[in-house]
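Contents: one structure, followed by commentary.
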Amino acid sequence: MGTAPSAADRPDVGGAGGASSRLVVWAMAGLAALLLLPAFLYSIRTEFALVDDMADWQVVSGWISHPGLFLGWCRETWLTFSPGRYRPLFELNTLGAWVLWGPRPGWHHAARWGLKLLALTGFLASLRLAVGRDRAPWAALLLAYLFLFIPNQPDARLAPQEMGTVFFLAWLNLVVARLHTAHTSNLAAVRGGWLAGLYLACLGLSWAKETNVAVLAWVTLWFLGWSAAHRSWRALWRTLPVALLTLYTVMRVATAARSAEYGVNAFTWVSWRGNLAWLGRELLQTGTSWGIALPLILLLCGLVVSMLRRRPCPQAADGYALFVWGELAGLLLMVSVSWLQVLRYWYPLVPLLALLVALALSRLHGALTARRPVYAEWLGGGCFLFVAYFVVCNLHAFYAQYAVQEHVRTVEQAVKTDIGARLSDGAYIFVHADQADPNWEFIQSLKLYFSDYLPATTGAELSLAVSPPPAGQA
């Protein structure tokens with residue numbers, strides 16, 4: 001998996017210049033916390049959504065009231081190949097959230113924020129392992145800002161499967177980065193804790209969302225190839241659980257795909273090209289500003305060139321960077337082939353891209369430090385300007401994701417309050433039971449709110465009718 005990192009891979013930022021760089025980085029970290037605060041406040045004020053959240057509550061409340069239903073779901077999910085979505089982590093996460101937080105939406109949203117910050121911690125730890133402890137702080141800063149402020153934040157709502165994907169991607173990368181350090185690059189010799197972490201991360205990805213099968217396939221190929229190259233039977237046996245999990249996930253996702261309707265389209269070359277162009281505009285920010293896109297593209301190209309130039313004697317960081325490239329390519333292929341152009345679907349690509357950009361910046365920092373330390377200081381200044389420009393260009397759209405969700409749920413809450421007051425006064429309010437109505441899901445959720453959710457959480461006995469009032473009744 002490569003030799004120990006060179007000085008260029010592990011750039012030293014010691015001395016007065018390094019101390020000033022660290023001070024600026026810590027100041028920028030504090031600024032990031034201040035900039036995130038309005039989004040967090042919007043988030044914890046956001047009510048449950050009628051569509052999705054009420055239906056999710058209905059499922060998990062049934063499991064809580066009747067454990068046999070939950071056991072039946074477990075059997076159907078893991079012991080059969082039944083059609084339908086395969087994302088059990090989402091259902092389990094929703095169940096845990098309702099058990100822990102109950103009907104308090106602010107706590108649910110705060111937990112999503114915690115999950116996101118834990119994922120960021122995992123990616124930052126991966127970067128530190130790859131490029132050296134307490135070194136190249138600008139790379140960590142760039143990774144954090146790209147991850148936190150790109151205007152694609154599924155945690156603005158409560159039902160994103162992509163949050164689980166990103167969380168387990170973070171810890172998978174932490175384990176693999178650890179395996180690529182100088183003293184633990186041998187999978188056959190890695191300690192049990194890190195090996196268990198690898199298995200747990202892969203299991204989480206298998207359960208999080210169907211697209212993650214591409215990452216699992218890449219992990220399997222990666223370690224099988226390493227085992228074969230080093231002729232290590234012990235490493236091969238340790239790879240076997242990942243290979244079996246990947247095979248099971250492929251079979252499970254294939255079954256789900258035969259009945260897939262939600263979020264996917266039939267594959268065509270035209271749609272694939274359109275999706276790739278759309279992903280390029282959104283992910284690389286070419287649709288926002290070429291002042292953002294061009295530095296990102298140059299850094300990524302520079303990373304590839306530097307990896308190729310060091311063949312056939314790659315450094316340990318090269319192996320880890322190649323692994324991240326494989327993750328990104330696999331998920332990009334899955335998202336672009338048939339999934340609709342929905343913003344949150346490509347969210348897992350964000351931290352992987354940010355991680356590669358950070359690895360590239362760290363490598364450039366090391367190369368400049370080796371030439372003249374002042375060049376590294378100039379690079380830090382350029383990084384500061386880039387981050388500032390990135391935030392200025394994206395902050396409005398970033399806040400809008402949280403503000404729009406909060407506003408829409410506030411309007412929904414006002415509608416529910418008004419209907420509840422009228423029902424309490426004896427009014428006859430009905431909804432049409434017409435599945436052809438484009439608002440059918442909303443109507444069903446509204447009825448569920450009054451007929452089931454309110455009685456269960458507040459004791460209020462209110463119910464919407466599903467037919468027009470009798471003749472002569474107001």
TODO: Dump the intermediate steps for side-chain contact (heavy atoms from CB on, under 4.5 Å) on Trp63 and Leu95, then the final yes or no.
DONE: CA-CA 8 Å; Trp63 292 348; Leu95 173 62; 4.1 Å; yes

Open item on the list: Under the criterion ring-ring contact (aromatic ring centres under 6.0 Å, His included), I'd like the reasoning laid out for Phe149 against Tyr399: C-alpha separation, chi angles, the key distance, then a yes or no.
Closed with: CA-CA 9 Å; Phe149 291 103; Tyr399 284 149; 8.0 Å; no

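The line from CG of Asn212 to OG1 of Thr246 is 11.0 Å long, rounded to the nearest 0.5 Å. To the nearest 0.5 angstrom, Arg309 atom CZ is 12.0 Å from Asp318 atom CG. Note that CG of Leu355 and CZ of Phe147 are 11.0 Å apart. Values are rounded to the nearest 0.5 Å. Interatomic distance, CZ of Arg112 versus CD1 of Ile44, reported as 15.0 Å (0.5 Å rounding). Between the CG atom in Leu143 and the CZ atom in Arg128 there is a gap of 13.5 Å [rounded to 0.5 Å]. Expressed to the nearest 0.5 Å, how far CG of Leu115 lies from CG of Asp155 amounts to 9.0 Å.
Looking at Leu300 and Leu353, their side chains come closer than 4.5 Å, going by heavy atoms from C-beta outward.
Under a 3.5 Å cut-off, the side chain of Thr410 and the backbone N or O of Glu406 do form a donor-acceptor pair. Between the side chain of Thr239 and the backbone N or O of Ala235, at least one donor-acceptor pair lies under 3.5 Å. Of the possible polar contacts, one joining the Glu210 side chain to the Tyr86 backbone as a donor-acceptor pair under 3.5 Å is found. Between the side chain of Tyr145 and the backbone N or O of Phe390, no donor-acceptor pair lies under 3.5 Å. A donor-acceptor pair is defined here as one N or O able to donate and one able to accept, closer than 3.5 Å; such a pair exists between the side chain of Glu412 and the backbone of Leu50. A donor-acceptor pair under 3.5 Å links the side-chain atoms of Arg252 to the main chain of Thr77, judged by distance alone. A distance-only check finds no donor-acceptor pair linking the side chain of Gln285 to the backbone of Ile292 [under 3.5 Å]. Of the possible donor and acceptor atoms, none in the side chain of His365 sits under 3.5 Å from a partner among the backbone N and O of Glu377. Side chain of Ser362 to backbone of Leu359: no donor-acceptor contact under 3.5 angstrom is found. Between the side chain of Asn152 and the backbone N or O of Leu343, at least one donor-acceptor pair lies under 3.5 Å.
Applying the side-chain contact (heavy atoms from CB on, under 4.5 Å) test between Trp207 and each of Leu89, Asn93, Thr249 identifies Leu89 as the sole match. Exactly one of Lys116, Gln401, Gln405 qualifies for a side chain to side chain donor-acceptor pair (under 3.5 Å) with Gln153. That residue is Lys116.
Proximity of the aromatic rings of Tyr402 and Trp113 is defined here by a centroid distance below 6.0 angstrom, and this criterion is met. Phe168 and Trp171 have their aromatic ring centers separated by at least 6.0 angstrom. Aromatic rings from Trp218 and Trp222 are positioned such that their centres are separated by under 6.0 Å. Trp73 and Phe70 have their aromatic ring centers within a separation under 6.0 angstrom. Here the two rings, on Phe48 and Trp98, have centers that are under 6.0 Å apart.
In this structure, Trp272 places its CH2 atom where only 12 or fewer heavy-atom neighbours from other residues, nucleotides or ligands lie under 6.0 Å away. Remark: Trp290 CH2 is loosely packed, at most 12 non-hydrogen atoms of other residues, nucleotides or ligands lying under 6.0 Å away.
Using a 30° and 60° split on the angle between ring planes, Tyr320 and Phe323 fall in the parallel class, below 30°. Below 30°, between 30° and 60°, or above 60°: for Phe81 and Tyr248 the angle between ring planes is between 30° and 60°, a tilted geometry.
No cation-pi contact links Arg344 to Tyr347, judged by a cut-off of 6.0 Å to the six-membered ring centre and 45° from its axis.
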